[in-house]
Amino acid sequence: MKNKNGIEIKACCASCQHRLMTVDDRICGLTKASVASDYSCNRWRMEKLLQNAGNGGGKVKKWQYLCFFMEHWIKQRNDLEAGRIDPTKLLSVEQIRKEYNELHGSEFINI
């Protein structure tokens with residue numbers, strides 16, 4: 001499936017406008033069932049943000065930021081599962097981003 005700019009978008013749950021994400025799962029907003037990222041059904045509709053892929057004007061995140069984020073996210077999930085932290089102590093995406101920005105500056109590459 002191609003968007004309005006001719007960018008190929010795979011028709012699956014991961015690119016569907018009905019997709020809902022939780023901390024641990026991907027859920028179909030129509031059926032409320034847990035689904036795999038590559039699952040596809042006949043009610044698939046392209047996510048609105050993907051319709052604009054190829055317009056330009058987007059930003060690219062630094063590889064260092066993505067690694068920083070992933071390490072922090074995985075560590076806190078492991079700490080939660082091991083009982084070392086309480087669920088109320090989990091950092092949000094925005095809190096991790098703020099920490100990175102305070103330590104290293106912007107998470108975006110200047111192109």
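Hydrogens, waters and symmetry mates play no part in the numbers below; they use all other heavy atoms, side chains included. Here the structure is a predicted model, which means the values were calculated and not measured.
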Would you call the rings of Trp73 and Phe69 parallel, tilted or perpendicular if under 30° counts as parallel and over 60° as perpendicular?
parallel

Measure the CG-CG distance between Asn3 and Asn52 for me, rounded to the nearest 0.5 Å.
8.0 Å

Taking side chain as C-beta onward, heavy atoms only, is Lys61 less than 4.5 Å from Phe108?
yes

Should Phe68 and Val93 be counted in the same cluster of Ile, Leu, Val, Met, Phe, Trp and Tyr side chains packed under 4.5 Å apart?
yes

Quick check: do Glu99 and His72 have side-chain heavy atoms less than 4.5 Å from each other?
yes

NZ on Lys32 to CG on Leu20, rounded to 0.5 Å:
6.0 Å

Closest heavy-atom contact between Cys13 and Ala36?
CB-O, 3.5 Å

To the nearest 0.5 angstrom, please state how far the CZ atom of Arg26 sits from the CE atom of Met21.
4.0 Å

Would you mind reporting whether Lys89 and Asp79 have side-chain heavy atoms less than 4.5 Å apart?
no

Under the side-chain hydrogen bond (donor to acceptor under 3.5 Å, both in side chains) test, which residues partner Arg97, sequence neighbours left out?
Glu94, Glu107

Distance in Å, Ser15 OG paired with Ile9 CD1, rounded so as to fall on 0.5 Å steps:
7.0 Å

Gap separating the NZ atom of Lys4 from the CG atom of Asn55, nearest 0.5 angstrom
5.0 Å

Got a sec, which residues hit side chain to side chain contact (heavy atoms under 4.5 Å, CB included) with Met1, two or more places apart in sequence or on another chain?
Trp44, Met46

So, for Cys28 and Val35, which heavy atoms are closest and what is the spacing to 0.1 Å?
N-CG2, 4.1 Å

Is it the case that the side chain of Arg19 and the backbone of Ala14 share a donor-acceptor pair, with hydrogens and angles ignored and the cut-off at 3.5 Å?
yes

Rounded to the nearest 0.5 angstrom, the CD-CD1 distance for Gln64 and Ile109 is 7.5 Å

What residues form a salt bridge (Lys or Arg N to Asp or Glu O under 4.0 Å) with Arg77, not counting sequence neighbours?
Asp24

Nearest heavy-atom neighbours spanning Leu90 and Gln95
O-OE1, 3.9 Å

Within one Ile-Leu-Val-Met-Phe-Trp-Tyr cluster: Leu66 and Leu103, side-chain cutoff 4.5 Å:
yes

Taking all heavy atoms of Ser40 and all of Ala11, pick out the closest pair and write down the distance.
OG-O, 3.2 Å

Verify, without hydrogens or angle tests, whether Asn5 (side chain) and Ile7 (backbone) share a donor-acceptor contact under 3.5 angstrom.
no

